[in-house]
Amino acid sequence: MTKYVFVTGGVCSGLGKGITASSIALLLKAKGYKVFMQKFDPYMNVDPGTMSPIQHGEVFVTADGCETDLDLGHYERFIDEELNYTSNITNGKVYSSVIEKERRGDYLGATIQIVPHISNEIKNKIYEAGKSSGADIVITEIGGTVGDIESSVMMESLRQFRNEQPLENTIFVHTTLVPYLFGSNELKTKPTQNSVIELRRLGIQPDIIVTRAPVDLGDSIKKKISLFGSIPIDNIIEAKDVNNIYEIPLNFHKQQIEDIILNHFKLGAAPSKLKYWEDLVKTVNNLKSEVEIALVGKYVELEDAYLSVKEALKHAGYKYKTKVKINWVDSESLEKPDADIKKILGKSKGILVPGGFGSRGIEGKIKACNYARENNIPYLGICLGMQVAVIEFARNVCGIKDASSREFNELCNNPVIDLMSDQKAVINKGGTLRLGNYDCKIEKDTLAYADYKSELIKERHRHRYEFNNKYKEELESKGLVFSGTNPESGLVEIIELPSHKHFIACQFHPEFKSRPNRPHPLFDSFVKASIDK
Ligand code: GLN
């Protein structure tokens, strides 16, 4: 019988609901249970794939090719389990599947209503996650804040879900803010009280309250929250601000949140296996040196747009007890005629060009790549970063001056990056990229092989354009090595430059598979090369 943990949020967004949900999952996994995670996003987009990173930060891609909320990246990094298409449910996804069924005639003459049709569809998505994952415990986080119009039907579905299951099968965890008022120097519980009232208005009584606060709550504050929230004092879990997010599961563990949950579920509890996580926290808190790496993108004012890349760099740093300091470089700043590239990039020991879409800032990225290649500075190109490296090499080494990508110049005479053949007939933008896991065969005696130590790998993709194989021989003759290719389609997956200290780029997104205690091989060797530099 699968058990369900629902994590809701009150007062305001940004309290760390995703980290709370991930920490709970991690702690339950550490007790030996198989866990699975799911995020409900109350917007009407079917998935975040069509949203600008300015709206929504990075789009995280699961192995099965689902474009999802960036919180799923936190989930995977914390629980180290592969999630899938049942892990991110949006209002858009729910409504479109109900409307599709209605058009098909599945409802046999009924009037389609929010309750029960939409609410049933949402409940089905929760049951489906439980069934398809075979998990003992599913942790579902509801995006947004209690009281939002958008999430009201999701909350209604949770209320119904609790009612149709034995009480010990579901538990509600509510995260809230306990602000500290300077001047009167006190913590305030009213926002928490009000958000619990709001939750009850929707028919849900929380079982656990997780309080975000800058300082310890103290007994009297806890008693007050317990009294007004009608929950035992032990079920108030403090989420005090921390410098290092990896400490949060350990702080929750000290307050025995997993035991409270397992007791409620009437499940036994073995001792927790958390040594690996404690070691990680120790490592992160005791980094000995620092390396500066330039990340050249067009949304650098918004670090969330590159969240997984940022995390993957940090993970690789942990392995070498080194803090990776990211120099966020706006690619457009490199395009200005008077831009001093050396000054902007000079102090960085490695240069990374991440994924991206559209032509804005492209020439700046090409310049950054050129600077890395000509100055023997370690380079890692990811997706667009590989395409940019190909264009740079074609233009400046092979002399194909007008080399470009069909994405930036439709009429381009030398499209070294071109639209994939199966993309030519695609009209809809949403969900139609080359997405998720594809095989990549790696050539021996290459940097890629030295990194992966394997001839066949699988990596996650999210792109529409590809290297144009017509130019392969020409680029190869000038020294570019195609070290990874998809065995079925022949699409280029990895390129590298053996004449360079460390120059490698891939068409896929390695950042999604990096874990805090298991850096991704491409990030590992890139960060190491940058440190050595
Ligand atoms: N815009 C490029 C493409 O669609 C690269 C995509 C990416 O970097 N994720 O192929």
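We count ligands from 1, going down the list as the structure has it; atoms in each ligand are counted the same way.
- For ligand 1, the 4.0 Å heavy-atom shell contains residues Gly355, Gly356, Phe357, Cys383, Leu384, Gln387, Glu407, Arg462, His463, Arg464, Tyr465, His509.
- Partners of Tyr4 under the ring-ring contact (aromatic ring centres under 6.0 Å, His included) rule, at least two apart in sequence or in another chain, are Phe161.
- Surrounding NZ of Lys342 are at most 12 heavy atoms belonging to other residues, nucleotides or ligands under 6.0 Å away.
- The ring-ring contact (aromatic ring centres under 6.0 Å, His included) pairs that include a residue from residues 42-67 are Tyr43-His56, Phe60-Phe512, where partners are two or more places apart or lie in different chains.
- For Ser348 and Asn327, the side-chain atoms include at least one donor-acceptor pair closer than 3.5 Å.
- By the ring-ring contact (aromatic ring centres under 6.0 Å, His included) test, His463 is found to be paired with His461, residues two or more places apart in sequence or in another chain being considered.
- Residue Asp418 is tested with Arg406, Lys470, Arg464 for a salt bridge (charged side-chain N to carboxylate O under 4.0 Å, His left out); the sole match is Arg406.
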